[in-house]
J.: 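I have a structure here, written as structure tokens, and I will follow up with some questions on it.
Below, all heavy atoms of this structure are taken into account, side chains as well, without hydrogens, waters or symmetry copies.
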Amino acid sequence: MTTSEKEMFDYLNAEKGYDGELMFDQLTDKLHGERIVLKDLLLKTSSTYFQIDSVIISQWKVDLFEVKNYEGDYFSESGKFFKVPKREVKNPFNQLERNTSLMRQWLNQHGFQIEVKGWVTFVNPEFSLFQAPLNFPVILPSQLNRFMRNLDLQPSRLNNIHKKIAETLISNHHEKSPYTQLPAYELGLLKKLISCPKCLHFMILMGRNKCICNNCSYIEKINSSVLRIVGNHQLLFPSSKNNYPRNISVEWWSCG
């Protein structure tokens, strides 16, 4: 559908952030030894929600990682965070401090006593940070691989307490955030076209039983395309009658 400039900006930011988290996951997936890695946790303490991109539970501590896929030159000044030349942006270190404090509270409330340490982790190789104090809890792109190697070398033996921490974190994870804001949409506003599962561009009919993407040339059988569209409809309109478009057909969900 047609989106506003702000909606598109928010979407691209969310997509870039998600890509950054996947980049970081590729590094944590290579860790050896006895460690538990949990990803994308949404927790609640008292009446406050907080989200952690990645958690690594080791023998002596719990490491929290606030993953940022920022690109360009940034600097810190007087407790504020700027993109060069001087455009102030949300300070990720304030966010990390808040989340680390809330995680300590959460663990204490559930009866766990273990050190909690937080890191702002920049994963984009095109990122630079200037004027950062030496004691900043930061991992820069040039430090990422070395940090992971050093973490991997630290001895870690887990017991039932560590497993209980992980199980309690998972069981208290909230699937949906109350702060999520999606753009308003309705079926009449959406183009009735089949989008490519690889690049999201629209597909066109090729012969009688296949669709092809105009952008990346991905080919898909029409039956598979229609099933995908039904799944999308169920996701977007979970409360609609019968949970699928009436009289669905390739002509209705057009291949162009």
Side-chain angles (χ1 to χ4, degrees), residues 14 17-70 76 79 81 90-123 132-141 143-180:
Y18 179 69
D19 288 342
E21 292 174 21
L22 293 181
M23 291 168 62
F24 186 73
D25 290 347
Q26 290 177 355
L27 297 175
T28 59
D29 288 344
K30 297 176 182 178
L31 289 173
H32 303 90
E34 295 187 16
R35 287 179 178 80
I36 299 174
V37 181
L38 303 177
K39 305 169 185 178
D40 199 22
L41 286 174
L42 178 64
L43 303 170
K44 183 180 181 182
T45 177
S46 299
S47 59
T48 304
Y49 286 88
F50 62 104
Q51 189 264 337
I52 308 294
D53 293 331
S54 191
V55 174
I56 298 180
I57 302 172
S58 302
Q59 180 175 352
W60 302 110
K61 63 178 177 174
V62 174
D63 285 299
L64 312 183
F65 297 88
E66 186 70 35
V67 180
K68 297 299 180 186
N69 193 14
Y70 291 177
S76 176
F81 204 68
K90 187 175 182 180
N91 193 331
F93 295 96
N94 291 344
Q95 184 178 356
L96 175 72
E97 185 177 5
R98 172 186 179 273
N99 287 346
T100 304
S101 174
L102 290 172
M103 176 60 88
R104 290 194 186 100
Q105 295 176 39
W106 188 94
L107 288 169
N108 288 334
Q109 289 170 4
H110 287 82
F112 301 115
Q113 300 295 324
I114 189 170
E115 180 186 359
V116 179
K117 191 172 182 61
W119 306 90
V120 177
T121 309
F122 296 100
V123 296
L134 289 176
N135 62 348
F136 249 27
V138 60
I139 307 172
L140 298 173
Q143 301 171 319
L144 256 176
N145 289 329
R146 186 166 68 252
F147 179 92
M148 288 298 171
R149 284 197 301 269
N150 290 338
L151 180 63
D152 222 5
L153 292 173
Q154 296 174 12
S156 178
R157 298 293 299 272
L158 302 184
N159 56 35
N160 289 334
I161 298 297
H162 300 97
K163 295 176 183 177
K164 184 65 175 177
I165 292 174
E167 291 170 355
T168 308
L169 285 168
I170 293 170
S171 65
N172 283 269
H173 167 68
H174 293 258
E175 290 293 336
K176 292 185 179 181
S177 169
Y179 308 118
T180 299

J.: Is there a donor-acceptor contact under 3.5 Å from the side chain of His110 to the main chain of Trp106?
T.: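 Answer holds: yes.
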J.: Look up atom CZ in Phe24 and atom CG in Leu144, then write down how far apart they are to the nearest 0.5 Å.
T.: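 Interatomic distance, Phe24 CZ to Leu144 CG, rounded to 0.5 Å: 7.0 Å.
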J.: Could you list the donor-acceptor pairs under 3.5 angstrom formed by side chains in residues 56-65, with sequence neighbours left out?
T.:
{"residue": "Ser58", "atom": "OG", "partner": "Arg35", "partner atom": "NE", "Å": "3.3"}
{"residue": "Gln59", "atom": "OE1", "partner": "Arg157", "partner atom": "N", "Å": "2.9"}
{"residue": "Asp63", "atom": "OD1", "partner": "Trp119", "partner atom": "NE1", "Å": "3.2"}

J.: Rounded to the nearest 0.5 Å, what separation is found between the CZ atom of Arg146 and the CD1 atom of Ile139?
T.: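 Between Arg146 CZ and Ile139 CD1, I get 10.5 Å after rounding to 0.5 Å.
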J.: In this structure, which one of Thr121, Val123, Val67 forms a side-chain contact (heavy atoms from CB on, under 4.5 Å) with Met23?
T.: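 Answer after filtering Thr121, Val123, Val67: Val123.
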J.: Answer yes or no: does atom CZ of Phe136 have more than 12 heavy-atom neighbours from other residues, nucleotides or ligands under 6.0 Å?
T.: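 Check passes, neighbour count above 12.
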J.: Donor-acceptor pair, distance only, cut-off 3.5 Å: does the side chain of Asn108 make one with the backbone of Arg104?
T.: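 A pair under 3.5 Å: yes.
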J.: What distance do Ile161 atom CD1 and Lys163 atom NZ have between them, rounded to the nearest 0.5 Å?
T.: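 Reported value, rounded in 0.5 Å steps: 11.5 Å.
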J.: Any heavy-atom pair between the side chains of Leu153 and Leu151 that's under 4.5 Å?
T.: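 They are not in contact (no side-chain heavy atoms under 4.5 Å apart), so the answer is no.
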J.: Which residues pass the side-chain hydrogen bond (donor to acceptor under 3.5 Å, both in side chains) test with Gln95, not counting sequence neighbours?
T.: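 Applying side-chain hydrogen bond (donor to acceptor under 3.5 Å, both in side chains) to Gln95 gives Glu66, Lys68.
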J.: Measure the spacing between CZ of Arg149 and CG of Leu27 and express it to the nearest 0.5 Å.
T.: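 Interatomic distance, Arg149 CZ to Leu27 CG, rounded to 0.5 Å: 10.5 Å.
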J.: Is a side-chain N or O of Asn91 found less than 3.5 angstrom from the main chain of Gly79, in a donor-acceptor match?
T.: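 Answer holds: yes.
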J.: Could you grab the distance from atom CD of Glu97 to atom CG of Leu102, nearest 0.5 Å is fine?
T.: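 Rounded to the nearest 0.5 Å, the CD-CG separation comes to 10.5 Å.
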J.: Check this for me: does any side-chain nitrogen of one of Asp29 and Lys39 sit under 4.0 Å from a carboxylate oxygen of the other?
T.: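 So Asp29 pairs with Lys39 through a salt bridge.
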J.: Just verifying a value: how many Å separate Glu167 CD and Ile36 CD1, rounded to the nearest 0.5 Å?
T.: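 Here the interatomic distance stands at 8.0 Å.
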J.: Going by atom type alone, with no hydrogens or angles, which donor-acceptor pairs under 3.5 Å involve a side-chain atom of residues 40-49 and a protein atom two or more places apart or on another chain?
T.:
{"residue": "Asp40", "atom": "OD1", "partner": "Gln51", "partner atom": "NE2", "Å": "2.7"}
{"residue": "Thr45", "atom": "OG1", "partner": "Gln109", "partner atom": "OE1", "Å": "3.0"}
{"residue": "Thr45", "atom": "OG1", "partner": "Gln109", "partner atom": "NE2", "Å": "2.9"}

